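Data first, discussion second: the structure below is written as structure tokens.
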Amino acid sequence: MDVNGTPYRSIWLAEDGRQVEIIDQTRLPHEFSVVQLSSLDAAATAIRDMLVRGAPLIGATAAYGFCLGLHEGTDNHALEKIAQTLVDCRPTAVNLRWAVERMLRLLTPIAESLRVEKAYEAAAAICEEDVLTNAAIGQHGAALIKAILDKKEKKEPVNILTHCNAGWLATVDWGTALETIFRAHQDGVPVHVWVDETRPRNQGAHLTAWELVSAGIDHHLIVDNAGGHLMQHGQVDLCIVGTDRTAASGDVCNKIGTYLKALAAFDNQIPFYVALPGSTIDWQVTDGVGGIPIEERSQEEVLLVQGLHGDKVEGVHIAPKTTPALNPAFDVTPARLVTGLITERGVCAASSEGLLSLYPEKR
Ligand code: MRU
């Protein structure tokens, strides 16, 4: 992705070939700041404190975190410790476990002396695959957006509502849900995006809006509760969101508030699509509501709003100091509310049959 004329990914290997660099997403959109990760601990903190976030990027950071951890020890005990440290960082996005299990499967059977080199190769491969996967998701999703434009008599812009940030910052590059929009825009389809601010951490306001400004795409920021109203008044043609974990049944778990958008879309017969790479499918979970662990984050994220004050990013209290808060970070949208899943292999119904038709090797 282009940042003021410079191409960036959201994670990359530093020039020394050992450390890893990321963009500190807690500073955006006010400050573009690159941070070096030089240890397993630093990588784990970056995931836990959400300097990096978004399911695919969490997976990629975990893979590089594994590499960094190997500099502290390469025996089997070290592998287990690294894996546990990383998996414990955040519970919902399944890419974290997916990446850690992939590293373990690769490294456990090989000689200790080869582990560091092979780990770096594998982390780089995870990143490259993510980029290719997202490009394919973009193509399939852009075709859906184009099909909606084709049905419009006056060919006015396609209005797309999105929640949270499923753009290039949430992946290694391009994004999932947002890549469908970037791609449609590049293909000449007029688009306009309704960006849910996405309380409590405001990934929509901070990150999605920033990406859309950089890409020159027409958009408006809306409060989280505006979507239903806009849908009732014909101002939303379709919704596209990402997912942190997709159950084998097609239920999708995404940022808190996604479920309410899907309900409103269903009530207004508006297509509700979810874009995802195969790595976010948890084939072991068949019931999303009962089977996906929902991360509960700190009360502070709800009780304080973060923003730029002067030249500092600060939190401002918005509730009485003694009011407690509850902060579930994700919710599950049942498959019956999802029009379709946009994957790197094509678009399918949100159902086990739909998913298995694209991933027959999981039968
Ligand atoms: O808590 P976050 O910011 O990590 O949550 C991210 C999301 O919910 C995204 O929508 C999801 O990871 C899909 S990103 C391709």
Side-chain angles (χ1 to χ4, degrees), residues 1 10-11 22-26 28 46-62 89-99 127 129-131 133-138 141 161-182 195-208 210-211 224 239-246 252-262 272-282 288 292-298 301-302 306 327-333 338 341-344:
M1 196 71 185
S10 59
I11 187 165
I22 56 161
I23 297 158
D24 180 354
Q25 300 193 20
T26 64
L28 288 171
I47 296 172
R48 208 180 304 111
D49 293 350
M50 295 178 64
L51 280 72
V52 289
R53 29 66 53 202
L57 179 56
I58 293 172
T61 310
C89 288
R90 292 192 71 188
T92 301
V94 76
N95 301 57
L96 179 53
R97 190 186 80 200
W98 170 85
C127 290
E129 282 169 27
D130 184 59
V131 175
T133 295
N134 297 334
I137 289 172
L161 183 140
T162 193
H163 192 70
C164 195
N165 172 264
W168 74 273
L169 289 164
T171 63
V172 176
D173 207 348
W174 307 124
T176 56
L178 277 195
E179 172 57 3
T180 67
I181 299 171
F182 293 144
V195 180
D196 282 351
E197 60 180 346
T198 319
R199 277 280 289 150
R201 290 186 68 101
N202 288 320
Q203 288 94 328
H206 294 168
L207 308 176
T208 298
W210 184 74
E211 289 192 31
D224 289 330
C239 305
I240 311 181
V241 300
T243 163
D244 291 81
R245 194 185 293 221
T246 308
V252 291
C253 181
N254 192 49
K255 182 55 54 193
I256 193 80
T258 302
Y259 171 45
L260 289 179
K261 292 294 134 27
F272 188 93
Y273 284 99
V274 180
L276 60 125
S279 55
T280 63
I281 305 169
D282 187 340
I292 298 179
I294 301 294
E295 175 178 13
E296 205 175 300
R297 294 190 61 87
S298 93
E301 291 183 353
V302 178
Q306 300 285 335
N327 188 11
F330 298 94
D331 61 24
V332 173
T333 300
V338 178
L341 302 173
I342 308 168
T343 78
E344 72 276 21

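Please read these numbers as outputs of a predicted model, since none were measured by experiment. Note that ligands are numbered from 1 as they come in the structure, with each ligand's atoms numbered from 1 the same way. The basis for the numbers below is simple: all heavy atoms, side chains too, and nothing from hydrogens, waters or symmetry mates.
Side-chain N/O atoms of Gln25 and Arg53 include a donor and acceptor closer than 3.5 Å. Thr280 and Asn95 share no donor-acceptor pair across their side chains, judged by distance under 3.5 Å alone. Asn134 and Glu179 form no side-chain donor-acceptor contact under 3.5 Å, judged by distance and modelled atom types alone.
By the 4.0 Å N-to-carboxylate-O rule, Asp282 lies close enough to Arg245 to be salt-bridged with it. Taking a cutoff of 4.0 Å between a charged side-chain nitrogen and a carboxylate oxygen, Arg297 and Glu295 qualify as a salt bridge. Lys255 and Asp196 are not joined by a salt bridge, as no carboxylate oxygen comes within less than 4.0 angstrom of a charged side-chain nitrogen.
Proximity of Arg90 to ligand 1 is established by a heavy-atom distance of less than 4.0 Å. Using a 4.0 Å cutoff on heavy atoms, Leu57 does not count as a contact of ligand 1. Contact annotation: Gly54 has at least one heavy atom less than 4.0 Å from an atom of ligand 1.
Contact between Cys89 and Ile47 at its shortest, heavy atoms only, is CB-CG2, 3.7 Å. Contact record, Thr333 with Ala262: CG2-CB, 3.4 Å, taken as the closest heavy-atom pair. In this structure, Cys253 and Thr243 approach most closely via the heavy-atom pair O-OG1, 3.2 Å.
Protein heavy atom at the shortest distance from atom 10 (O) of ligand 1 is Asn254 OD1, 2.7 Å. Ranking the protein heavy atoms by distance from atom 6 (C) of ligand 1 puts Arg53 NH2, 3.6 Å first. When only non-hydrogen protein atoms are considered, atom 14 (S) of ligand 1 lies nearest to Ala170 CB, 3.5 Å.
In terms of N/O distances under 3.5 Å, ligand 1 is not approached by Thr176. Inclusion of Thr171 in the set of residues having an N or O under 3.5 Å from an N or O of ligand 1 is not warranted. Ligand 1 has no N or O atom lying under 3.5 Å from any N or O atom of Met50, backbone or side chain.
Heavy-atom proximity to Asn165, at under 4.0 Å, picks out these atoms of ligand 1: 9 (C), 10 (O), 14 (S). For ligand 1, the atoms closer than 4.0 angstrom to any heavy atom of Gln203 are 1 (O), 2 (P), 3 (O).
The residue Val241 has no part lying near ligand 1, judged by heavy-atom distances below 4.0 Å. In Ala55, the parts holding a heavy atom less than 4.0 Å from any atom of ligand 1 are both the side chain and the backbone. Using a 4.0 Å cut-off between heavy atoms, Pro56 contacts ligand 1 through its side chain alone, with no backbone atom that close. Neither the backbone nor the side chain of Leu276 comes within 4.0 Å of ligand 1, counting heavy atoms alone.
Within the set His163, Glu179, Arg201, Lys255, the minimum heavy-atom distance to atom 5 (O) of ligand 1 is found for Lys255. Nearest-residue assignment for atom 11 (C) of ligand 1 (options Asp244, Asp331, Ile256; heavy-atom criterion): Asp244.
Each of Thr208, Thr171, Thr198, Asn202 was scored for a side-chain hydrogen bond (donor to acceptor under 3.5 Å, both in side chains) with Asn165, with one residue passing: Thr208.
Within 6.0 Å of the CH2 atom in Trp174, the count of heavy atoms belonging to other residues, nucleotides or ligands does not exceed 12.
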